Amino acid sequence: QVQLVESGGGLVQPGGSLRLSCAASGSIFSINAMGWYRQAPGKERVLVADITSGGSPNYGDSVKGRFTVSRDNANHTVYLQMNSLKPEDTAVYYCTAHIFQFGRGWYDSWGQGTQVTVSS
């Protein structure tokens, strides 16, 4: 069984910063893309950022220039550095990874989510 465990969420003032981490563990043969989605109350889950195993990042339009995604392939970990946070960044942030397991093949695994609240 594969688990994605997120950490680093919390309450921050507008203009502040937070760093999210997500570590994948379990019977993992390979991980392709890893990334972050977010879901605000009453809204759909949307892409924040993702990154390929080769390190190529991709960002949602609303976070370009403010957020940076990175990963540690050796430790199956993805990070999201969030700077210049705005109230509209408030959401539950979910980690995701495209994982290969023997007997199951490729599939998308999700974390349980971590709350980020930007408020004064």
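It should be emphasised that the depicted structure is a prediction, and the values quoted were computed from it without experimental measurement.
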Checklist entry - Under 6.0 Å from the CD atom of Glu44, do we count more than 12 heavy atoms belonging to anything else shown? => result no

Next on the checklist: Going by the rule side chain to side chain contact (heavy atoms under 4.5 Å, CB included), which residues pair with Arg45 if we only count those two or more places apart in sequence or in a different chain?
Outcome noted: Tyr37, Gln39, Tyr94, Trp110

Next on the checklist: Among residues at least two apart in sequence or on other chains, which ones pass side chain to side chain contact (heavy atoms under 4.5 Å, CB included) with Thr90?
Outcome noted: Gln115, Thr117, Val118

Next on the checklist: So Val48 and Leu80, do their side chains get closer than 4.5 Å, heavy atoms only?
Outcome noted: yes

Checklist entry - Do any pairs count as a disulfide bond (SG atoms under 2.5 Å apart) and have a residue in residues 51-88, sequence neighbours left out, and if so which ones? => result none

Checklist outcome for this item: Contacts satisfying disulfide bond (SG atoms under 2.5 Å apart) that involve residues 34-79 (not counting sequence neighbours) are none

Checklist entry - Run the side chain to side chain contact (heavy atoms under 4.5 Å, CB included) check on Ile51 and Ser56 step by step: do they pass? => result CA-CA 5 Å; Ile51 184 167; Ser56 296; 5.8 Å; no

Item to check | Ring-face cation of Arg104 near Tyr107 (centre distance under 6.0 Å, axis angle within 45°) | outcome: yes

Checklist entry - Looking at residues at least two apart in the chain, or sitting in another chain, which of them share a side chain to side chain donor-acceptor pair (under 3.5 Å) with Gln3? => result none

Next on the checklist: Which residues pass the salt bridge (Lys or Arg N to Asp or Glu O under 4.0 Å) test with Lys64, not counting sequence neighbours?
Outcome noted: Asp61

Checklist outcome for this item: Contacts of Asp89 meeting salt bridge (Lys or Arg N to Asp or Glu O under 4.0 Å) (sequence neighbours excluded), chain-then-number -> Arg38, Arg66

Item to check | Sequence neighbours excluded - ring-ring contact (aromatic ring centres under 6.0 Å, His included) pairs with any residue from residues 45-76 | outcome: none

Next on the checklist: Count I, L, V, M, F, W, Y as connected when their side-chain heavy atoms are under 4.5 Å apart, and connections chain through other members. Are Val12 and Tyr93 then in the same cluster?
Outcome noted: yes

Checklist entry - Given the rule that I, L, V, M, F, W and Y join up when any side-chain heavy atoms are under 4.5 Å apart, are Ile99 and Phe102 in one cluster? => result no

Item to check | Intermediate values then yes/no, side chain to side chain contact (heavy atoms under 4.5 Å, CB included), Val78 and Val69 | outcome: CA-CA 7 Å; Val78 63; Val69 63; 3.9 Å; yes

Item to check | Residue pair Tyr79, Arg71: steps toward the side chain to side chain contact (heavy atoms under 4.5 Å, CB included) verdict | outcome: CA-CA 6 Å; Tyr79 304 97; Arg71 65 189 284 172; 5.7 Å; no

Checklist entry - Any idea which heavy atoms bring Gln112 and Leu4 closest together, and the distance? => result OE1-O, 3.4 Å

Next on the checklist: Please check: side-chain N/O of Asn75 versus main-chain N/O of Thr77, any donor-acceptor pairing under 3.5 Å?
Outcome noted: no

Checklist entry - Is there a donor-acceptor pair closer than 3.5 Å between any side-chain N or O of Thr96 and the backbone N or O of Ser109? => result yes

Checklist entry - If you round to the nearest 0.5 Å, how far is CG of Leu47 from OG of Ser62? => result 9.0 Å

Going by atom type alone, with no hydrogens or angles, which donor-acceptor pairs under 3.5 Å involve a side-chain atom of residues 14-36 and a protein atom two or more places apart or on another chain?
from  : atom 1 : to    : atom 2 : distance (Å)
Ser17 : OG     : Asn83 : OD1    : 2.9

